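Along the sequence shown, the residues carry numbers beginning at 1. On a predicted model such as this, the values are computed, not experimentally measured, just so you know.
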Amino acid sequence: QVQLVESGGGLVQAGGSLRLSCAASGRSSYAMGWFRQAPGKERDFVAAISRSGGNTYYADSVKGRFTITRDNAKNTVYLQMNSLKPEDTAVYYCAARSPQSSSGNAVYNRLGDYATWGQGTQVTVSS
């Protein structure tokens, strides 16, 4: 089973940037996504990228500020976060869909679409 390891979280001032990375084990490629969970709140969708990398999808709250990309040669997905706001503070999780169910250019934005989750990385944005 694939394992996911996130990195890149930290503390940043409002208006700053961070880049999160999610490295997947194995050689298969998967449709992947990023979600976040603030204290006392549900885990919410942030961004998704297709297995091929040719299609992306974003939550309205991050559109225009965040960019999801992938490097299939490294089996790694990135989330570039710019113009960060205090309300972006959360634990960020990457998730992978099984390769068998990752249709070429499809993107997925529901928690139940994903079979495997990383351990999460904390992002804190100070005002």
Side-chain angles (χ1 to χ4, degrees):
Q1 185 173 348
V2 63
Q3 292 184 323
L4 305 174
V5 178
E6 300 109 330
S7 60
L11 173 64
V12 64
Q13 288 188 334
S17 298
L18 282 174
R19 188 176 81 154
L20 305 183
S21 300
C22 175
S25 62
R27 295 186 176 184
S28 298
S29 61
Y30 324 90
M32 297 187 73
W34 286 97
F35 291 74
R36 66 186 181 187
Q37 188 166 19
K41 295 190 176 182
E42 295 183 347
R43 191 171 298 188
D44 291 330
F45 170 75
V46 175
I49 190 164
S50 63
R51 179 176 184 174
S52 66
N55 198 14
T56 58
Y57 184 67
Y58 298 92
D60 287 343
S61 59
V62 305
K63 204 172 294 183
R65 300 188 297 123
F66 290 11
T67 303
I68 187 171
T69 57
R70 69 187 302 156
D71 183 339
N72 282 345
K74 297 181 179 179
N75 256 357
T76 300
V77 171
Y78 305 97
L79 185 68
Q80 178 67 43
M81 306 185 295
N82 298 329
S83 302
L84 282 161
K85 305 175 182 180
E87 51 263 44
D88 294 318
T89 295
V91 177
Y92 283 70
Y93 298 89
C94 74
R97 190 168 168 90
S98 68
Q100 298 85 351
S101 61
S102 295
S103 179
N105 236 16
V107 288
Y108 306 88
N109 66 340
R110 299 175 303 178
L111 289 171
D113 290 332
Y114 294 92
T116 304
W117 294 82
Q119 82 286 355
T121 185
Q122 176 71 47
V123 171
T124 303
V125 184
S126 63
S127 57

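- Shown are Y92, Y93, W117; of these, the side-chain contact (heavy atoms from CB on, under 4.5 Å) with E6 is made only by Y93.
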Checklist entry - Going through the distances and angles, do L111 and E42 end up as a side chain to side chain contact (heavy atoms under 4.5 Å, CB included)? => result CA-CA 11 Å; L111 289 171; E42 295 183 347; over 6 Å; no
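- Side-chain heavy atoms closer than 4.5 Å link hydrophobic residues (I, L, V, M, F, W, Y) into clusters, and following such links, even through other members, never connects Y58 to F45.
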Item to check | Step-by-step side chain to side chain contact (heavy atoms under 4.5 Å, CB included) determination, F35 to V91 | outcome: CA-CA 8 Å; F35 291 74; V91 177; over 6 Å; no
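- Placement of L79 and L18 within a single hydrophobic cluster is found when ILVMFWY residues are connected by side-chain heavy-atom separations under 4.5 Å, directly or transitively.
- Across all non-hydrogen atoms, the minimal contact from V107 to I49 is CG1-C, 3.9 Å.
- The line from CD of Q122 to CD of Q37 is 11.0 Å long, rounded to the nearest 0.5 Å.
- You'll find the ring centres of Y114 and Y30 outside the 6.0 Å limit.
- Two residues are said to be in side-chain contact when any heavy atoms from C-beta on lie closer than 4.5 Å; M81 and V12 fail this criterion.
- Considering OG1 of T121 and CD of Q119, their distance stands at 7.0 Å, rounded to 0.5 Å.
- Closest approach of I68 and T56 over heavy atoms only: CG2-CG2, 3.7 Å.
- Remark: side-chain polar atoms of N55 are paired, donor with acceptor, to backbone N or O of N105 under 3.5 angstrom.
- Summarising the geometry of R70 relative to G53, their closest heavy-atom pair is CD-CA, 3.7 Å, with the distance given to 0.1 Å.
- For R19 and Y78, the positive end sits near the middle of the six-membered ring, less than 6.0 Å away and at most 45° from its axis.
- Minimum heavy-atom separation, S127 to A14: CA-CB, 4.4 Å.
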Item to check | From CA spacing to verdict: side chain to side chain contact (heavy atoms under 4.5 Å, CB included), V123, R36 | outcome: CA-CA 9 Å; V123 171; R36 66 186 181 187; over 6 Å; no
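- Distance check: L11 CG to T89 OG1 gives 8.5 Å after rounding to the nearest 0.5 Å.
- Heavy atoms only, all atoms of each residue included: Q3 and S25 are closest at N-OG, 2.8 Å.
- Using modelled atom types and a 3.5 Å distance limit, the side chains of D71 and T76 yield no donor-acceptor pair.
- In terms of heavy atoms, N72 sits closest to S52 at ND2-O, 4.2 Å.
- Linking ILVMFWY side-chain heavy atoms closer than 4.5 Å, directly or via other members, places Y57 and V77 in two distinct hydrophobic clusters.
- Salt bridge D60/K63: present, at least one basic N to carboxylate O contact under 4.0 Å.
- Under the 4.5 Å side-chain heavy-atom criterion for Ile, Leu, Val, Met, Phe, Trp and Tyr, W34 and V125 are members of the same hydrophobic cluster.
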